[in-house]
Enquirer: 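Let me begin by handing over the structure; questions about it come next.
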Protein chains: 2
Amino acid sequence: MSNHDKSIISRRSRPAKDPLSKDIIVQTAFKLMMDEGISGLSMRKIAKALDTGASSLYVYVKNLQELRAYVLDYRLKDVKIPNNKNASWKEGIFEVLHSYYTVLYQSPGMAELALTTVPVGSHSSAIIEYILKQLDLGSIRSTSAAWGADLLLLYTTSVAYEQTSRNQKGQDSTLISTYLHSLEGSQYPMISSMKKEIFSGESERFQWGIEAVLQGISVLKDGKKPLN
Amino acid sequence: MSNHDKSIISRRSRPAKDPLSKDIIVQTAFKLMMDEGISGLSMRKIAKALDTGASSLYVYVKNLQELRAYVLDYRLKDVKIPNNKNASWKEGIFEVLHSYYTVLYQSPGMAELALTTVPVGSHSSAIIEYILKQLDLGSIRSTSAAWGADLLLLYTTSVAYEQTSRNQKGQDSTLISTYLHSLEGSQYPMISSMKKEIFSGESERFQWGIEAVLQGISVLKDGKKPLN
DNA sequence: ACCTGAACACCGTTCAAGT
DNA sequence: ACCTGAACACCGTTCAAGT
């Protein structure tokens with residue numbers, strides 16, 4: 001009852017625990033992902049890292065899916081939106097996508113997260129917005145621009161995903177290149193006749209794809225009926 | 001000890017349980033996925049459906065990841081490899097991809113499985129082989145063909161994925177279209193100025209993407225340095 | 001308003017023990 | 001050789017109870 005007793009009881013063994021917040025949860029989740037990859041992204045592990053129980057997180061985050069979306073957008077803040085006035089519209093697009101690729105590539109699990117999570121947030125919006133602006137400069141608008149932006153991001157994400165999962169497992173895991181293993185030449189002549197070409201530089205492949213897509217949508221533009 | 005007793009004891013309450021096999025496991029897994037989507041694809045659920053324990057499956061299947069690859073290839077057996085001699089090489093490619101798209105679209109969870117599982121097996125090989133053959137007819141060879149085939153399949157898979165997940169949740173979940181919600185026009189002018197165009201027909205979008213990619217890789221062919 | 005612990009209903013994988 | 005049950009080390013989410 002004495003003041004003395006009380007002050008001893010209320011003394012904390014360590015500085016006051018950081019109060020929870022969406023930001024702290026997202027940052028902790030991201031740190032865990034840096035260390036453990038996508039499997040670090042679990043409610044229970046994040047909670048443990050914050051010295052609390054998993055149920056506490058639900059005050060700030062609706063569920064794991066929503067948390068994943070937050071983590072994705074949080075990481076995308078490091079994607080650099082170019083502002084080189086001398087560059088062509090294509091170069092601008094290549095630059096953002098390259099920055100996006102690098103960001104995904106640097107954090108294990110990030111590419112997988114990007115591939116399976118619908119991005120919601122200001123950073124992903126900024127990237128999309130920039131790509132649409134550049135496409136507009138290249139006279140690509142409307143559905144072509146919208147679908148094209150989608151395709152460009154999808155392509156970049158998937159190249160990053162293949163690249164990182166290859167690194168992880170110490171194995172080659174391109175969609176196409178996996179077919180090459182354990183196949184008989186006689187049964188799949190086309191596949192086996194091009195084994196060499198498959199294993200060429202990854203950055204070359206990345207550039208090639210962006211260029212191919214940009215070429216394709218430039219040629220098509222709007223309204224053109226496909227496959228005639 | 002008597003013969004009589006023994007025969008009664010050995011009498012089974014139902015016809016002898018089907019012996020396990022890789023095929024039966026894969027087929028059961030696929031059936032479960034048809035009913036429950038991707039969450040039906042668990043060792044424990046498959047085992048229960050086969051009236052055994054999860055550990056029994058490990059005799060025939062190395063782990064869940066391998067089982068997923070088997071299920072994917074099993075489903076891909078229904079993809080029709082075209083043999084229309086009068087069709088152009090592009091039409092042939094469009095046809096396989098359309099069949100592939102339909103197969104993914106019809107089984108819930110299949111598109112997600114295809115997006116996150118490296119396909120190994122004769123059916124996926126047959127599809128790749130056919131696409132490479134058609135690209136060869138269109139004078140697209142070497143790395144262009146390999147990367148192009150990859151890109152075409154990736155694109156098709158992802159359109160199917162977006163389409164099915166949209167259906168599942170009764171929501172629109174195209175990469176691009178999700179940005180449109182809860183965005184202020186003033187902050188992202190490009191995005192908000194094209195809201196209408198985004199929500200157009202999905203089959204049109206599918207065709208557009210294939211054509212764009214084919215155009216792009218046709219123009220590039222081999223050796224061309226991108227972005228000059 | 002926020003946090004907690006316990007509970008519920010699940011996971012994949014391993015392993016000793018059985019046939 | 002194959003199957004089994006139990007165990008291990010996890011999951012996401014909910015909820016009554018506390019402050």
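Convention: sequence-line order gives letters A, B, ...; per-chain numbering from 1.
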Enquirer: Only pairs with both distances under 3.5 Å count, Watson-Crick or wobble alike; so what is the partner of D/dC10 in this structure?
Expert: none
Enquirer: Take B/Arg68 and B/Thr116 through the test side chain to side chain donor-acceptor pair (under 3.5 Å) and record every step on the way to the result.
Expert: CA-CA 10 Å; B/Arg68 288 165 62 105; B/Thr116 54; 3.1 Å; yes
Enquirer: Taking the C1' atom in each of C/dA17 and D/dC2, what is the distance between them to the nearest angstrom?
Expert: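 It comes out at 13 Å once rounded to the nearest Å.
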Enquirer: Check whether the side chains of A/Arg75 and A/Ser107 place a donor and an acceptor atom closer than 3.5 Å, and report yes or no.
Expert: yes
Enquirer: Does the plane of the ring in A/Tyr74 sit parallel, tilted or perpendicular to the ring in A/Phe30? Use 30° and 60° as the thresholds.
Expert: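 Rings of A/Tyr74 and A/Phe30: perpendicular, over 60°.
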Enquirer: So which nucleotide from D/dC3, C/dC2, C/dT4 ends up closest to the side chain of B/Leu20?
Expert: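 Selected nucleotide: D/dC3.
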Enquirer: Distance check needed: C/dC3 P versus A/Ile46 CD1, whole Å only.
Expert: 15 Å
Enquirer: Which letter, B, S or -, goes with each nucleotide of nucleotides 6-14 of chain C from 5' to 3', with contact meaning a protein heavy atom under 4.0 Å?
Expert: -B---BBBB
Enquirer: Suppose we call two aromatic rings close when their centres sit under 6.0 Å apart. Are B/Tyr130 and B/Tyr100 close by that rule?
Expert: no
Enquirer: Who is the Watson-Crick or G-U wobble partner of D/dG5, with both distances under 3.5 Å?
Expert: C/dC15
Enquirer: Between A/Phe206 and A/Phe94, is the ring centroid distance below 6.0 Å?
Expert: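 Under 6.0 Å, so yes.
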Enquirer: Could you tell me how far D/dA9 sits from C/dC10 if I compare only their P atoms? Round to whole Å.
Expert: 22 Å
Enquirer: Send over the distance from B/Ile24 CD1 to D/dC2 P, rounded to a whole Å.
Expert: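 Value for this atom pair: 13 Å.
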Enquirer: Pair B/Leu214, B/Ile217 - check side chain to side chain contact (heavy atoms under 4.5 Å, CB included), show working.
Expert: CA-CA 5 Å; B/Leu214 289 178; B/Ile217 62 186; 4.3 Å; yes
